[in-house]
Amino acid sequence: MKGYGLAALVIMGFALGSPSEELKAQDYRMSVGWNAGVMLTTSLNDGASGNGELVELKPDATWSIGGHFDKWIGSGILGGRGSVGLARSVIPWTQGDRSVYSYRGDLSLMLRLMRPDPGNTLIPFVSGGLGLIRWGLGDGPVTSFSAAAARYSGDEGFQLAGNAGVGFDYVTPFQ
């Protein structure tokens, strides 16, 4: 019984003691946070020609905000991310520009460009994955934009979307 008590005290001492530098580097395994950036969208049509002009339904670059959960494996170089987000785009339409909100969620693989280390405050990464996006065009009657060879069915729903990103983790001093 005395041996178990001594073993428990030794284990508790290790658990409560100051971690070594190697153990501190392992603190960068998971994170929950927010993100903000720019959303770039590919053309929503094939750029059909109307009256000799090329009419492309391509939103301009716009702001994007969201939240995420990251989980890093192994040495902390490779990881995964689950993310949700919101953006507001302006899309040219036959009756004038439309302000449209998009809602999205995705799962991505992430690759850090440097190893997490207690001395690194900024850790750059690249990511890529698949998700779903829902353009808030609304439910309603069928509408078309003949000069752009585009037709909207009036049924709002989620669509498959690919994503790619670059960013950095900023390691705060907060625990």
Side-chain angles (χ1 to χ4, degrees), residues 28-51 53-73 76-114 116 120-174:
Y28 310 118
R29 294 277 181 195
M30 289 187 290
S31 67
V32 175
W34 59 273
N35 51 60
V38 175
M39 185 166 124
L40 302 172
T41 307
T42 58
S43 182
L44 301 176
N45 69 344
D46 62 0
S49 178
N51 297 332
E53 291 183 35
L54 183 66
V55 179
E56 185 178 34
L57 295 177
K58 183 176 180 186
D60 291 334
T62 189
W63 57 265
S64 173
I65 59 171
H68 64 268
F69 171 76
D70 300 339
K71 172 80 171 141
W72 298 94
I73 57 175
I77 296 289
L78 183 65
R81 169 177 278 183
S83 179
V84 295
L86 168 72
R88 181 184 157 271
S89 302
V90 176
I91 298 175
W93 198 252
T94 186
Q95 295 93 358
D97 289 350
R98 285 187 154 174
S99 182
V100 176
Y101 286 88
S102 60
Y103 311 92
R104 66 188 184 285
D106 62 77
L107 296 174
S108 300
L109 284 176
M110 300 173 67
L111 178 66
R112 283 183 171 149
L113 303 179
M114 61 192 311
N120 297 335
T121 307
L122 294 175
I123 306 170
F125 66 84
V126 294
S127 67
L130 287 174
L132 297 173
I133 189 165
R134 181 178 182 143
W135 293 95
L137 295 169
D139 291 320
V142 173
T143 182
S144 62
F145 188 179
S146 58
R151 179 180 170 275
Y152 177 61
S153 67
D155 296 326
E156 190 174 306
F158 284 96
Q159 298 172 344
L160 190 62
N163 67 60
V166 294
F168 62 89
D169 289 331
Y170 175 69
V171 181
T172 65
F174 310 113

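It should be emphasised that the depicted structure is a prediction, and the values quoted were computed from it without experimental measurement. The residues of the chain are indexed from 1 along the displayed sequence.
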Hey, does Trp34 have a side-chain heavy atom less than 4.5 Å from the side chain of His68? no
Set of residues satisfying side chain to side chain donor-acceptor pair (under 3.5 Å) with respect to Asp169, sequence neighbours excluded: Arg112
Ser127 and Leu111, any side-chain heavy atoms less than 4.5 Å apart: no
Euclidean distance, Leu78 CG relative to Lys71 NZ, rounded to 0.5 Å: 12.0 Å
Counterpart residues, side-chain contact (heavy atoms from CB on, under 4.5 Å), relative to Thr62 (two or more places apart): Met39, Ala87, Ser89
Of all heavy-atom pairs between Arg104 and Ile65, which one has the smallest distance, and what is that distance? NH2-O, 4.0 Å
Value rounded to 0.5 Å, distance of CG in Asp97 from CD1 in Ile91: 9.5 Å
Non-hydrogen atoms of Arg81 and Asp70 that approach each other most closely: NE-OD1, 2.6 Å
Return the minimal non-hydrogen interatomic distance between Leu130 and Asn163, and the atom names on each side. N-ND2, 4.0 Å
Flag the pair Arg88 / Trp63 as yes when at least one side-chain heavy-atom distance between them is below 4.5 Å, and no otherwise. yes
Please name the pair of heavy atoms, one in Ile77 and one in Trp72, separated by the smallest distance, quoted to 0.1 Å. O-CZ3, 3.5 Å
Reported CZ-to-CD1 distance for the pair Phe168 and Ile123, which is rounded to 0.5 angstrom: 11.5 Å
Nearest atoms (heavy-atom pairs only) where Leu107 meets Gly82: CD2-CA, 3.9 Å
Do you know which two heavy atoms are closest between Val38 and Ser64, and how far apart they sit? C-CB, 4.5 Å
Taking side chain to side chain donor-acceptor pair (under 3.5 Å) as the definition, give me every residue that meets it alongside Ser102, ordered by chain and number, with sequence neighbours left out. none
Inspect the surroundings of CZ in Phe69 and state if more than 12 heavy atoms from other residues, nucleotides or ligands are less than 6.0 Å away. yes
Assess the residue pair Tyr101 and Leu86 against the criterion (side chain to side chain contact (heavy atoms under 4.5 Å, CB included)); give the C-alpha distance rounded to whole Å, side-chain angles, the decisive distance to 0.1 Å, and a yes or no. CA-CA 7 Å; Tyr101 286 88; Leu86 168 72; 3.9 Å; yes
